[in-house]
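Since the structure comes first, as structure tokens, the remarks are kept for the end.
First the proteins, then the strands, lettered A, B, ... as listed; each starts at 1.
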There are 2 protein chains.
Amino acid sequence: MGISDRKEREKEELRERILSAAKSLFLEKGIEKTSIRNIADQIEYSPGIIYHYFKDKNEIFHALHQGGFRQLMDKMSVLASVRNPLERLKAMGSIYVRFAMENPDMYDLMFIKEAPIDHVASSEHDDWKEGGGTFNYLRLTIRECIAQGNFQGHDEEALSYLIWSAVHGMVSLHIRKRCEVICSDRQTNIVADGLEEFFKMLDRL
Amino acid sequence: MGISDRKEREKEELRERILSAAKSLFLEKGIEKTSIRNIADQIEYSPGIIYHYFKDKNEIFHALHQGGFRQLMDKMSVLASVRNPLERLKAMGSIYVRFAMENPDMYDLMFIKEAPIDHVASSEHDDWKEGGGTFNYLRLTIRECIAQGNFQGHDEEALSYLIWSAVHGMVSLHIRKRCEVICSDRQTNIVADGLEEFFKMLDRL
DNA sequence: TGGATTATTAAACACTGTTTAATTACATTT
DNA sequence: AAATGTAATTAAACAGTGTTTAATAATCCA
């Protein structure tokens, strides 16, 4: 049936249009100030239509947040060329931080906001598989480091979490504007400086 | 004038009643789901009255968030008895993490949410002095550690930020439910385990 | 062309933060 | 004790929100 195929395509197309309208509005105004009516205006449909494509507002932002993980995973792909696991681990940190600084709103959505994760919790698949992929890559890299003799006496799982937490902490304090306590002439570069400091720590471990 | 004194007291009392109603509602329902009308209902006044005591909703939650910093600062006071700066630094981390785990909503308000900090930005005093006090204490402790020979080759300001970030990262990933990527049998204790791992790192630095 | 199905909308519901003008309460002065 | 002025308090409105419902428009199939 070619006709139902076309219908399927058209349906998918509108879904995509909703998503891209939501994304552009979200990036310029934030999640809270992007309303269903805003999105409907942008795509020139009535607000009600959106509920035929998404269960609720959270589901829209959960879909965007999935796209963010694809984006991040993509940036991580260059790491395959880095042989030394410790070097790869540091490169991973740099990529992670750069992604967060260049896409602060997307990072916020992926790792800070409660909205998309609430949707995960209330849906059938209770595992947060989007984040799981990148974390697993981190864990494997750290495993290689340990196998190579680094991080002696450390626990793989807890160390992975700690390392993730350190970079997440730095970028999230910055994104959520808690860095004003830092010495004013250091503020502009504090995230990069903090990361450097972290690399020094990892080297001496 | 005893009468205007009493009026002053009554005004202050109502302000306090608004604040405590806001706090209890906030702690059980979260900031977004606590409405001005909810607060007004609780204190048995009309919604409009609240605007004679607070400029807007953000100002209410900024006041609560200030209370949180007093609470945290208070818990930190036991640190005065710890002589060794490295031990004091670690004890500080423990207190910080415990505070966050025991008062997750208050921690969220203080270090994660954008609402109260938006109020700071839009008010006359653009410095975030509530957070500044505790951070300064961290900085001084680290300065002592460096003076004692610890953390050689590290920069005081950047290291302070990194250490804060590490603990903030761990608790905020937990509070915002991003820990589901962690091996399921490790999840319940992951924050404590991560902190232990961090202490090991600091010891070997 | 008629009937069934689907897509789309308008309208309503129950909320939200905030502002306005009107009202009540009360201390002070006549 | 009555009138006045001031401060506290409220009711009502405004413009917005997410979401659901029933009605309408468009489309496909027999």
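- Between A:Phe111 and A:Tyr96, the two ring planes are tilted [angle within 30° to 60°].
- In terms of position along DNA chain C, the nucleotide closest to B:Lys57 lies nearer the 5' end than the nucleotide closest to the other residue of the pair B:Lys57 and B:His52.
- For the pair B:Ile39 CD1 and C:dT16 P, the interatomic distance rounds to 11 Å; values are reported in whole Å.
- Around atom NZ of B:Lys90, more than 12 heavy atoms belonging to other residues, nucleotides or ligands sit under 6.0 Å away.
- As rounded to whole Å, 15 Å separates atom P of D:dG18 from atom NZ of A:Lys55.
- Salt bridge B:Arg186/A:Glu157: absent, no basic N to carboxylate O contact under 4.0 Å.
- Between the P atom of C:dT18 and the CG atom of B:Asp56 lies a distance of 5 Å, rounded to the nearest Å.
- Using a 4.0 Å heavy-atom cutoff across all strands shown, B:Tyr53 reaches sugar-phosphate atoms only and no base atom.
- Protein atom CG of B:Asp41 is 12 Å distant from nucleotide atom P of D:dA11, rounded to whole Å.
- Taking atom CD1 of residue A:Ile50 and atom C1' of nucleotide D:dG18, one finds them 11 Å apart after rounding to whole Å.
- Ring centers of A:His65 and A:Phe69: under 6.0 Å apart, within the cut-off.
- Between B:Tyr53 and B:Arg17 there is no side-chain heavy-atom pair separated by less than 4.5 Å.
- For the pair A:Ile49 CD1 and D:dT21 C1', the interatomic distance rounds to 15 Å; values are reported in whole Å.
- Following rounding to the nearest Å, A:Ile43 (CD1) and C:dA7 (C1') show an atom-to-atom distance of 13 Å.
- Taking the side chain of A:Tyr51 as heavy atoms from C-beta on, and the options D:dT9, C:dT18, D:dT19, the nearest nucleotide is D:dT19.
- With sequence neighbours excluded, the residues forming a side chain to side chain contact (heavy atoms under 4.5 Å, CB included) with A:Ile175 are A:Pro104, A:Tyr107, A:Asp108, A:Ile112, listed by chain and number.
- Minimum atom distance to the side chain of B:Tyr45 is reached by D:dT10, of the listed D:dA8, D:dT10, C:dT9.
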Margin query: Please evaluate residues B:Arg178 and A:Trp164 with respect to the criterion side chain to side chain contact (heavy atoms under 4.5 Å, CB included), reporting the C-alpha separation (whole Å), side-chain torsions for both, the decisive distance (0.1 Å), and the verdict.
Written below: CA-CA 11 Å; B:Arg178 260 66 175 194; A:Trp164 177 28; 4.0 Å; yes
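- Contacts between residues 13-38 of chain B and DNA chain D, defined by a heavy-atom separation below 4.0 Å, involve B:Leu14, B:Arg37, listed by number.
- Counting to the nearest Å, the P atom of C:dT8 and the CD atom of A:Glu44 are 14 Å from each other.
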